[in-house]
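Please read the structure below before turning to the comments.
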There are 2 protein chains.
Amino acid sequence: MTNQNNEVTYSIGELAKEFDITPRSIRFYEEQDLLSPERTGQTRIYCNKDRVRLKLILRGKRLGFSLAEIKNLFELYDSNANSMLQLEAMLKMTEQKRAILRQQLDDIQMLMNELDEVEKRCRDELADLQKRGC
Amino acid sequence: MTNQNNEVTYSIGELAKEFDITPRSIRFYEEQDLLSPERTGQTRIYCNKDRVRLKLILRGKRLGFSLAEIKNLFELYDSNANSMLQLEAMLKMTEQKRAILRQQLDDIQMLMNELDEVEKRCRDELADLQKRGC
DNA sequence: CCTAACCCTAACGTTAACGTAAATCAATTT
DNA sequence: AAATTGATTTACGTTAACGTTAGGGTTAGG
């Protein structure tokens with residue numbers, strides 16, 4: 001659908017289906033101040049910006065961030081920090097998050113290696129089974 | 001400490017301190033069948049293999065895996081699968097985990113990009129503040 | 001007019017992963 | 001001998017992130 005400004009909009013059900021989650025989850029994210037869609041009457045109307053936000057929420061979740069941390073990132077992103085103190089706090093925050101992501105990159109690399117091993121052992125045994133006739 | 005085979009061993013407290021978690025957590029992982037240390041009397045004695053396992057558990061956690069999934073990975077790793085069906089199931093599992101890790105790599109890349117943006121905006125404003133005398 | 005398919009709020013229930021407290025035991029230290 | 005330190009079990013408490021149920025409103029189709 002489109003709203004009065006000819007922008008694309010979504011119902012809660014559409015977004016739920018698109019991202020394979022329940023409407024309950026989306027409402028919950030709103031309750032936690034991660035979303036704030038428009039309304040027509042009681043009904044929530046999500047614009048594209050809301051949809052992007054939701055995508056970011058789910059991305060954060062896949063990386064093991066809590067909703068509180070994700071909210072934190074949003075506030076960081078939205079904030080019009082103007083004092084030097086605020087700006088420096090923000091830089092500190094981004095660096096912290098970056099450190100977590102780097103750690104995760106390491107973790108992924110090591111887990112991938114272990115999966116390689118498991119897989120190799122597995123293929124070897126399969127080949128062995130084939131050779132001995134099966 | 002070392003055990004009768006001259007292998008290095010650890011108390012629960014030592015491991016807890018090393019990995020910056022509580023003994024309670026370590027006992028909980030055991031309760032969930034993720035660890036199975038030896039005992040002398042009542043006291044748990046962890047060998048190096050246990051320590052490695054613990055490291056793997058924490059790595060999995062940092063990547064957002066549940067303890068159940070981690071246990072799953074362990075069983076996969078330990079399993080002496082011998083039937084073709086089992087081996088193929090294992091390959092399927094590793095591929096699934098791999099897909100998750102790839103997804104996370106993507107997620108990390110995108111989040112990093114967004115952090116770059118935030119940081120850039122932040123530095124620009126800081127420079128601006130400097131320029132206008134402060 | 002009815003019902004099906006949406007939407008809503010409110011509120012209680014659930015699960016994972018521990019935290020925390022109580023009571024006890026064993027080995028050191030003072 | 002008394003106290004500290006670190007281990008144990010048992011069991012109830014807690015938080016996050018929803019699930020689920022109950023009750024109700026509104027629009028499109030038959």
Side-chain angles (χ1 to χ4, degrees), chain A residues 1-3 8-47 50-51 53-75 100 107, chain B residues 1-3 8-47 50-51 53-75 100 107:
Chain A
M1 283 288 292
T2 65
N3 66 6
V8 184
T9 64
Y10 311 86
S11 76
I12 197 168
E14 286 169 351
L15 286 186
K17 184 174 289 183
E18 175 175 357
F19 293 110
D20 198 28
I21 56 181
T22 65
R24 173 68 172 105
S25 297
I26 300 181
R27 292 196 193 99
F28 183 74
Y29 299 151
E30 180 177 349
E31 206 178 311
Q32 305 297 308
D33 296 323
L34 294 172
L35 292 172
S36 47
E38 299 290 311
R39 301 248 182 166
T40 47
Q42 271 199 320
T43 308
R44 278 165 255 254
I45 306 288
Y46 298 86
C47 68
D50 295 321
R51 186 168 155 277
R53 279 234 163 186
L54 183 52
K55 202 187 288 189
L56 289 175
I57 294 172
L58 300 178
R59 179 177 300 155
K61 289 206 58 188
R62 283 195 301 269
L63 293 175
F65 287 86
S66 73
L67 295 185
E69 287 172 318
I70 295 170
K71 182 182 172 188
N72 211 314
L73 278 170
F74 282 169
E75 284 170 356
I100 294 176
D107 288 337
Chain B
M1 283 288 290
T2 64
N3 64 6
V8 185
T9 64
Y10 311 87
S11 75
I12 196 169
E14 286 169 352
L15 285 185
K17 185 174 287 183
E18 175 175 356
F19 292 111
D20 197 30
I21 56 181
T22 66
R24 173 69 171 103
S25 298
I26 299 181
R27 291 197 193 96
F28 183 74
Y29 299 151
E30 181 178 347
E31 207 179 309
Q32 304 299 308
D33 296 322
L34 294 173
L35 292 172
S36 48
E38 298 292 311
R39 300 250 180 165
T40 47
Q42 270 200 321
T43 309
R44 277 164 255 252
I45 306 288
Y46 298 87
C47 68
D50 294 321
R51 188 169 154 276
R53 280 234 162 185
L54 182 52
K55 201 186 287 187
L56 289 174
I57 294 172
L58 299 177
R59 178 177 300 154
K61 288 206 59 189
R62 283 196 301 269
L63 293 174
F65 287 86
S66 73
L67 295 184
E69 287 172 318
I70 295 171
K71 181 180 172 188
N72 212 314
L73 278 171
F74 283 170
E75 285 170 354
I100 293 176
D107 288 336

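So that the names make sense, note that chain A is the first sequence line, chain B the second, and so on, each numbered from 1. The model shown is predicted, which means the values in this text are computed figures rather than measured ones.
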Among residues two or more places apart or on two chains, list those pairs meeting salt bridge (Lys or Arg N to Asp or Glu O under 4.0 Å) that have a residue in residues 56-68 of chain A.
A:Arg59-B:Asp107, A:Arg59-B:Glu114, A:Arg62-B:Asp107
Minimum heavy-atom distance between B:Thr22 and B:Ala16, given as atom pair plus value
C-CB, 4.0 Å
For A:Pro37 and A:Ile45, the nearest pair of non-hydrogen atoms, with its separation, is CB-O, 3.5 Å
Residues pairing under salt bridge (Lys or Arg N to Asp or Glu O under 4.0 Å) where one sits in residues 18-37 of chain A, two or more places apart or in two chains, turn out to be A:Glu18-A:Arg51, A:Glu30-A:Arg39, A:Glu30-A:Arg44, A:Asp33-A:Lys71
In B/S/- notation, 5' to 3', how is nucleotides 22-29 of chain D contacted by protein heavy atoms closer than 4.0 Å?
--------
May I ask you to test the A:Phe19-A:Ile26 pair for a side-chain heavy-atom distance under 4.5 Å?
no
Taking the side chain as every heavy atom from C-beta outward, state whether A:Asn72 and A:Phe65 have any atom pair closer than 4.5 Å.
no
Side chains of B:Leu54 and B:Ile21, heavy atoms from C-beta outward: is any pair under 4.5 Å?
yes
Quick check for you: name the first and last nucleotides of DNA chain C, 5' to 3', having an atom under 4.0 Å from a heavy atom of chain B.
C:dA17 to C:dT20
Please give me the minimum heavy-atom distance between B:Leu67 and B:Ile57, naming the atom from each residue.
CD2-CG2, 4.2 Å
B:Asn3 meets the side chain to side chain donor-acceptor pair (under 3.5 Å) criterion, sequence neighbours left out, with B:Glu7
Rounding to an integer number of Å, can you tell me how far B:Tyr10 OH sits from D:dG6 P?
19 Å
Distance in angstrom units between B:Glu14 CD and D:dA7 C1', rounded:
12 Å
Mind running a 4.0 Å heavy-atom check of residues 21-30 of chain A against DNA chain D and sending the residues that fall below it, in number order?
A:Thr22, A:Arg24, A:Ser25, A:Phe28, A:Tyr29
What is the minimum heavy-atom distance between B:Tyr46 and B:Asp50, and which atoms define it?
CA-OD2, 3.5 Å
